[in-house]
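One is the number of the first residue; the rest follow in order along the sequence.
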Amino acid sequence: MSKPLKYKIPDEYLFRLHHVRPRFKNDVEEVLLYVATSISEMPILDKEIFRDDLNKVLFSFKKNATSTQKTIDNWRTEISALFGFIQESNGKQYPGLSAKRLANNQYLDEFFNYFLFSFQYPGGHIKSQNVIKQIEAGVRFKPCQFILQLLIEGEKILGKPFSFTAEELTQCAYFDLRVTRDGKHPKEVAELILSNRNQKIEYEHKYEQLKNSRTGTYPSRGDVYRYAGDILDYMVLANLLQHKGIGYYYYLNDENKEAINFHLRNSVWFNEYDQFYDRDSITNPEIGSLEELWFDFVNSFDEIEEFKPQLDSNEVESISALIQEYYSRMSGDTKVPTKIFGDYGETLVLAHEYLRTKEGSNRQHLINKIPTPLGVGYDLQSIEIEKKKRYIEVKTTKSRKAINSNRFKLTPNEWDTAETLGDNYYVYYLVINDSGKNIFVINNPVKEYERGNIKVDKNLVVEFSKESGQWQELMEIRN
């Protein structure tokens, strides 16, 4: 029996790309949301004081109270280095825009889109000596954009959806300088992947360059492919990709075309390293001096509409028809106001309120979204029986996996309004993930705080208990 054919990157083109790998990767959505909510209102502080305050936040997460200081230090480094939660200036640190936006919006798919949009090799997410190695190798590579292009080119060749594994991506692109340095076209890479499959070629993962010089052992297959796998997983969390099968084949999420097209059409590059590519020697201090600029760069993007969660076309059509029924009753309008669809979570809750009060009410025309500039301290005005009104503040968390989050932020205006309106004030904490859509309803949060059922810190971060309200399934239109 003949040996199976093997594919191996030629030694002169092998270059291992890597980045910080969070030890909390299995809980990455929950950890990031927890930390962002906790630190987003921290003031500008000396580095040591900011570090100590962040350590307290990390020790408070789940079972971390018994963790070692080294573990917490590693978590802090990973959160700040990879995800850009912290910015720095003149020896002082403060929460980055990425942390503030996640704390305020709680849309984790939006967060990962911003993360992937700016992520590149080389970048300030790794130590200076490793940045130097990437520059000396000539690497200039944006993985998210390349992966999307690769999937599109593969689909063009096949005439149907194309997918690949982390192994295929690593061997045919991620660790190959012909791609990451020389700019080999994604179409050629797609052709290579398909050719290897057709010929049943196996991939050799024992590379001398990757061997541990001390132990003489090779990294496991999983260790070789985990860096490309991380980026693919982050693209799944951003709703850019889906995955299937035991071997985790990744393919385009065609339901998120707006965000995919934005990544493809718009390319940004941190160019502060460009000056070093033709240099004979580069020092760590020179690269280290650019670290602040790197974190300013990754926190410089905002208000990208394509990254915000969108109602799909069926949801828009169904909600539009439902709401139009009541608007037309009231005034004979033929169009639903466009502001109805301006915010993802609020629009879903608005439809929920129409459905909740559908039977036995002739006052549904009073249910409405309140324009944000009015600053009234709530998002929706709804109705109760006995001609009472219900004022609703909507807080939405959107993640891929089901996460255990019971925290959200209120503004001072929202808390003051809750005090003023009392039993007419509600917080709807809407939780959306692949398992479904559910709402935790808190009536009169100030009263629940006084009863000890919720905690509120100095920054108005609310932590609620199950005694402070009740879970309900979001009511949706069933076609």
Side-chain angles (χ1 to χ4, degrees), residues 27 29-41 56-57 60-65 102-108 343-346 348-350 352-353 355-357 367 370 376-386 388-399 401-433 435-475:
D27 292 321
E29 289 183 291
E30 192 168 345
V31 171
L32 293 179
L33 185 60
Y34 179 89
V35 174
T37 305
S38 299
I39 73 169
S40 63
E41 297 298 329
K56 292 174 186 176
V57 169
S60 298
F61 179 77
K62 284 188 172 180
K63 299 178 182 178
N64 277 0
L102 179 56
N104 290 329
N105 297 354
Q106 302 212 350
Y107 294 146
L108 281 146
D343 182 273
Y344 177 76
E346 291 173 19
L348 289 173
V349 171
L350 184 71
H352 171 90
E353 286 298 287
L355 293 168
R356 180 182 69 83
T357 59
I367 301 175
I370 308 302
V376 295
Y378 51 87
D379 298 313
L380 306 177
Q381 176 183 283
S382 189
I383 56 173
E384 298 283 9
I385 58 173
E386 300 175 356
K388 291 183 179 179
K389 290 183 179 179
R390 177 180 286 204
Y391 302 95
I392 301 169
E393 176 61 30
V394 179
K395 300 295 180 183
T396 308
T397 294
K398 189 171 186 294
S399 60
K401 296 188 294 185
I403 60 177
N404 296 314
S405 178
N406 65 335
R407 304 165 84 243
F408 57 82
K409 284 176 58 179
L410 291 175
T411 67
N413 186 39
E414 289 161 359
W415 184 258
D416 291 344
T417 303
E419 285 186 307
T420 301
L421 295 175
D423 287 337
N424 292 107
Y425 193 90
Y426 289 76
V427 175
Y428 280 27
Y429 182 60
L430 174 60
V431 177
I432 300 168
N433 52 54
S435 301
K437 301 183 182 79
N438 295 282
I439 309 172
F440 191 77
V441 178
I442 303 173
N443 179 212
N444 197 340
V446 175
K447 183 187 290 185
E448 294 302 323
Y449 169 70
E450 293 168 348
R451 289 173 173 171
N453 291 331
I454 64 175
K455 299 176 183 178
V456 183
D457 71 11
K458 62 182 181 181
N459 296 317
L460 293 179
V461 174
V462 175
E463 183 176 326
F464 60 86
S465 66
K466 62 182 181 181
E467 290 77 21
S468 64
Q470 53 279 325
W471 283 103
Q472 301 174 9
E473 184 178 358
L474 180 77
M475 300 180 73

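Using a 4.5 Å heavy-atom cutoff, the side chains of Glu450 and Val446 are in contact. Side-chain contact check for Tyr429 versus Ile442: every heavy-atom pair is 4.5 Å or farther apart. Using a 4.5 Å cut-off on side-chain heavy atoms (C-beta onward), Asp423 and Lys447 make contact. Put simply, the side chain of Leu474 reaches to within 4.5 Å of the side chain of Leu430, judged on heavy atoms. Under the 4.5 Å side-chain criterion, counting only non-hydrogen atoms from C-beta, Ile454 is in contact with Pro445. Within the 4.5 Å cutoff, the side chain of Glu30 has no heavy atoms near those of the Leu33 side chain.
What you find for Thr396 and Gly345 is that their closest heavy atoms are OG1-CA, 3.4 Å. Minimum interatomic distance between Ile392 and Ser382 (heavy atoms only, all atoms of both residues): CD1-CB, 3.9 Å. Nearest heavy-atom pair across Asn443 and Glu448 is O-CG, 3.8 Å. Closest approach of Gly377 and Glu393 over heavy atoms only: O-OE1, 3.7 Å. Of all heavy-atom pairs spanning Gln106 and Phe408, the tightest one is NE2-CA, 3.6 Å. Pairing each heavy atom of Ser38 with each of Val57, the nearest pair is CB-CG1, 3.5 Å.
Here the options are Gln472, Lys395, Arg390, the test is side chain to side chain donor-acceptor pair (under 3.5 Å), and the partner is Tyr428; only Arg390 passes.
Although no hydrogens or angles enter the test, the distance criterion places no donor-acceptor pair under 3.5 Å between the side chain of Asn459 and the main chain of Val461. A donor-acceptor pair under 3.5 Å links the side-chain atoms of Asp379 to the main chain of Val394, judged by distance alone. Using modelled atom types, one side-chain atom of Glu414 and one backbone atom of Thr411 make a donor-acceptor pair closer than 3.5 Å. With hydrogens and angles disregarded, a donor-acceptor distance shorter than 3.5 Å links the side chain of Thr417 to the backbone of Val376. Between the side chain of Asn424 and the backbone N or O of Lys389, at least one donor-acceptor pair lies under 3.5 Å.
Atom OH of residue Tyr344 and atom CD1 of residue Ile432 lie 4.0 Å apart, to the nearest 0.5 angstrom. The distance from atom OG1 of Thr397 to atom CG of Asn438, rounded to the nearest 0.5 Å, is 12.0 Å. For the atom pair Asn453 CG and Lys466 NZ, the distance stands at 11.5 Å (nearest 0.5 Å). Put simply, CG on Asp457 and CD on Glu463 are 9.0 Å apart, with the number rounded to the nearest 0.5 Å. Summarising the geometry, atom CE belonging to Met475 is positioned 14.0 Å from atom NZ belonging to Lys437; distances are rounded to the nearest 0.5 Å.
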Query raised in the report: Taking it one step at a time, do Leu108 and Ile403 satisfy side chain to side chain contact (heavy atoms under 4.5 Å, CB included)?
Result: CA-CA 11 Å; Leu108 281 146; Ile403 60 177; 4.0 Å; yes

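A parallel orientation is assigned to the rings of Phe464 and Phe440, their planes being inclined by less than 30° (bins at 30° and 60°).
When the shell of 6.0 Å around OH of Tyr426 is examined, it contains more than 12 heavy atoms from other residues, nucleotides or ligands. Around NZ of Lys455, the count of heavy atoms belonging to other residues, nucleotides or ligands within 6.0 Å does not exceed 12.
Judged purely by distance below 3.5 Å, without hydrogens or angles, the side chains of Asn104 and Lys409 pair a donor atom with an acceptor atom.
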